Number of protein chains: 2
Amino acid sequence: MDLSQHIRERGLKATPSRISVMKVLESDHRAYAHADLETIFSTMDRVTLYRVLNDFEETGLVHKVIDMDGVTRFAYCKHSCPDTHHADEHVHFNCQVCRKMFCLENMPAPSFNIPKGFKAMGQNVLVFGLCKSCSAA
Amino acid sequence: MDLSQHIRERGLKATPSRISVMKVLESDHRAYAHADLETIFSTMDRVTLYRVLNDFEETGLVHKVIDMDGVTRFAYCKHSCPDTHHADEHVHFNCQVCRKMFCLENMPAPSFNIPKGFKAMGQNVLVFGLCKSCSAA
DNA sequence: ACTTAAATACAACAATGTTGCGTTTAAATT
DNA sequence: AATTTAAACGCAACATTGTTGTATTTAAGT
């Protein structure tokens, strides 16, 4: 699959920064924090990285989740998502030891029976504990 | 109910700061951000307020949730919670307009069937959308 | 190769949260 | 009621996460 093409399809220019960030996100369906990617791409400008991630999110290329520490994380959208709604809303798992966040792709977020008067637009379902490698150690 | 007594029962000193913060939290089972309380108690030191909230959380007087914006919020524990585990883990609702966060006390967080190898310790279940007053307006 | 809107780099700023330390105070003891 | 002391407070400094403004550069269409 051509990453440049994938990016351009959403109306964004396929710049080197975007292509390399997308390559990481696409290779591993984990939710990455800005700080993670800043470590990987040590020469990339902080602000550019923030904007790359926000642009990806706004065009539906990635989805956004808040982790246990209140930090925003971004994960590749396996299914193409429209700009407005992310079809693949699933449960995320956040490890308390290594702090990694995993997309549980085949575990859709349940729909809740919210009290009358409230209007639900989406949800953020986060389970925390120990991931595979950390519970083994 | 005596708030001072309630605070002392958890091994904390019943100081004026703690009593007044607890009074607000206890009066309305909503999850308050540090910023909300700083507005209410404009003379209270920022750091003291952070420490009051963290102490309450560590002793099980309140529970902690992360909101849509990644901001930590604290809500009164209706049921007494042991230090380690909060028995009243329920769904929270975060309004996208007024940003208020509501405890849906009678909606327990579901237990998820996490993949083999992962060890779940707890969850943060957040539904967002429009609250009663904001969807009416 | 030219053009232009989009993207980048850099500086400055804002919000949230933490740490260290000297001073004050709640509450137990005398 | 006075004394004691660990706990809590107030203040300064700092760390991290994230945003905004603007001049410069570049992807990609003409």
Side-chain angles (χ1 to χ4, degrees), chain A residues 2-23 31-59 61-62 64-74 83 94 99-101 124, chain B residues 2-23 31-59 61-62 64-74 83 94 99-101 124:
Chain A
D2 184 7
L3 292 180
S4 304
Q5 187 57 25
H6 191 214
I7 291 167
R8 270 191 294 261
E9 270 166 8
R10 295 300 174 117
L12 299 175
K13 286 188 185 175
T15 64
S17 313
R18 285 180 178 158
I19 295 167
S20 41
V21 170
M22 182 53 78
K23 198 175 289 179
Y32 289 87
H34 178 272
D36 300 331
L37 295 161
E38 213 184 1
T39 303
I40 298 173
F41 303 109
S42 50
T43 63
M44 197 179 296
D45 181 74
R46 286 177 11 85
V47 178
T48 298
L49 184 48
Y50 274 114
R51 295 210 248 236
V52 163
L53 292 169
N54 286 329
D55 292 343
F56 281 176
E57 203 268 337
E58 278 160 25
T59 54
L61 285 166
V62 303
K64 181 159 113 173
V65 234
I66 308 289
D67 73 14
M68 287 172 57
D69 302 310
V71 174
T72 304
R73 288 175 174 266
F74 299 88
D83 302 13
N94 205 171
R99 302 268 133 181
K100 279 182 190 165
M101 177 119 120
N124 194 44
Chain B
D2 184 7
L3 292 180
S4 302
Q5 188 57 25
H6 191 215
I7 291 167
R8 270 191 295 261
E9 271 166 6
R10 294 302 173 115
L12 300 176
K13 287 188 185 173
T15 63
S17 314
R18 284 181 178 157
I19 295 166
S20 41
V21 170
M22 182 53 78
K23 198 174 289 177
Y32 287 87
H34 178 272
D36 299 331
L37 295 161
E38 213 184 4
T39 303
I40 298 172
F41 303 109
S42 50
T43 63
M44 196 179 296
D45 182 73
R46 286 173 16 83
V47 177
T48 298
L49 184 48
Y50 275 114
R51 295 208 250 236
V52 163
L53 293 169
N54 286 329
D55 292 343
F56 281 177
E57 203 268 336
E58 279 160 25
T59 54
L61 286 167
V62 302
K64 180 159 113 173
V65 233
I66 307 288
D67 74 12
M68 287 173 54
D69 302 311
V71 174
T72 304
R73 287 174 174 267
F74 299 89
D83 301 13
N94 205 172
R99 303 269 134 180
K100 278 183 189 162
M101 179 120 121
N124 195 48

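Computed from a predicted model, the values in this text were never measured in an experiment. Lettering of chains follows the sequences in order, A, B, ..., and the numbering in each one begins at 1.
Between A:Lys100 and A:Asp36, no side-chain nitrogen of the basic residue sits less than 4.0 Å from a carboxylate oxygen of the acidic one, so the salt-bridge criterion is not met.
No donor-acceptor pair closer than 3.5 Å links the side chain of B:Asp67 to the backbone N or O of B:Thr72. In this structure a side-chain-to-backbone donor-acceptor pair under 3.5 Å is missing from B:His34 to B:Val71.
Distance, A:Ile66 CD1 to D:dG18 P: 8 Å, rounded to whole Å. Rounding to whole angstrom units, CD1 of residue A:Ile19 and P of C:dA6 are separated by 18 Å. Atom OH of A:Tyr50 and atom P of C:dA11 are 17 Å apart (whole Å). Atom CD of B:Glu58 is separated from atom C1' of C:dG17 by 14 Å (rounded to the nearest Å). Between B:Asp55 atom CG and C:dA26 atom P there is a gap of 16 Å when expressed in whole angstrom units. Protein atom CG of B:Asp45 is 14 Å distant from nucleotide atom C1' of C:dC21, rounded to whole Å. Atoms CZ (A:Phe74) and C1' (D:dT17) sit 11 Å apart, rounded to a whole Å. Counting to the nearest Å, the P atom of C:dT18 and the CD atom of B:Glu57 are 11 Å from each other.
Summarising the geometry of B:Ser20 relative to B:Pro16, their closest heavy-atom pair is OG-O, 2.8 Å, with the distance given to 0.1 Å.
Looking at heavy-atom distances under 4.0 Å, B:Ala33 makes no contact with the nucleic acid at all. Across all strands, B:Arg18 comes closer than 4.0 Å only to sugar-phosphate atoms, never to a base (heavy-atom distances). Here B:Arg8 lies in heavy-atom contact (under 4.0 Å) with sugar-phosphate atoms only. A:Asp69 comes within 4.0 angstrom of nothing in the nucleic acid, heavy atoms only.
Here A:Asn94 contributes atom CG and A:Arg73 contributes atom CZ; the two are 6.0 Å apart, rounded to the nearest 0.5 Å.
Put simply, the side chain of B:Val62 does not reach to within 4.5 Å of the side chain of B:Leu53, judged on heavy atoms.
The 5' end of DNA chain C is approached more closely, in terms of each residue's nearest nucleotide, by A:Val47 than by the other of A:Val47 and B:Pro16. Nucleotides of DNA chain C nearest to B:Thr72 and B:Lys13 differ in position, and the one nearer the 5' end is that of B:Thr72.
For D:dA8, neither phosphate oxygen OP1 nor OP2 lies less than 4.0 angstrom from any side-chain nitrogen or oxygen of B:Thr48. For B:Ser17, a side-chain nitrogen or oxygen approaches OP1 or OP2 of D:dC9 to under 4.0 Å. Within the structure, a side-chain polar atom (N or O) of B:Asn54 is placed less than 4.0 Å from OP1 or OP2 of C:dT18. Look at B:Thr15 and you'll find a side-chain N or O under 4.0 angstrom from OP1 or OP2 of D:dC9.
Nearest to the side-chain atoms of A:Ala14 among the listed nucleotides C:dA7, D:dA28, D:dA8 stands D:dA28. Of the candidate nucleotides C:dG17, D:dC9, D:dA27, D:dC9 has the atom nearest to the side chain of B:Val52.
For A:Arg51 against D:dG21, a side-chain N or O and a base N or O form a donor-acceptor pair under 3.5 Å. For D:dG18, its base never sits under 3.5 Å from the side chain of A:Arg73 at any donor and acceptor pair. Side-chain to base pairing of A:Arg46 with D:dG18: one donor and one acceptor N or O lie within less than 3.5 Å of each other.
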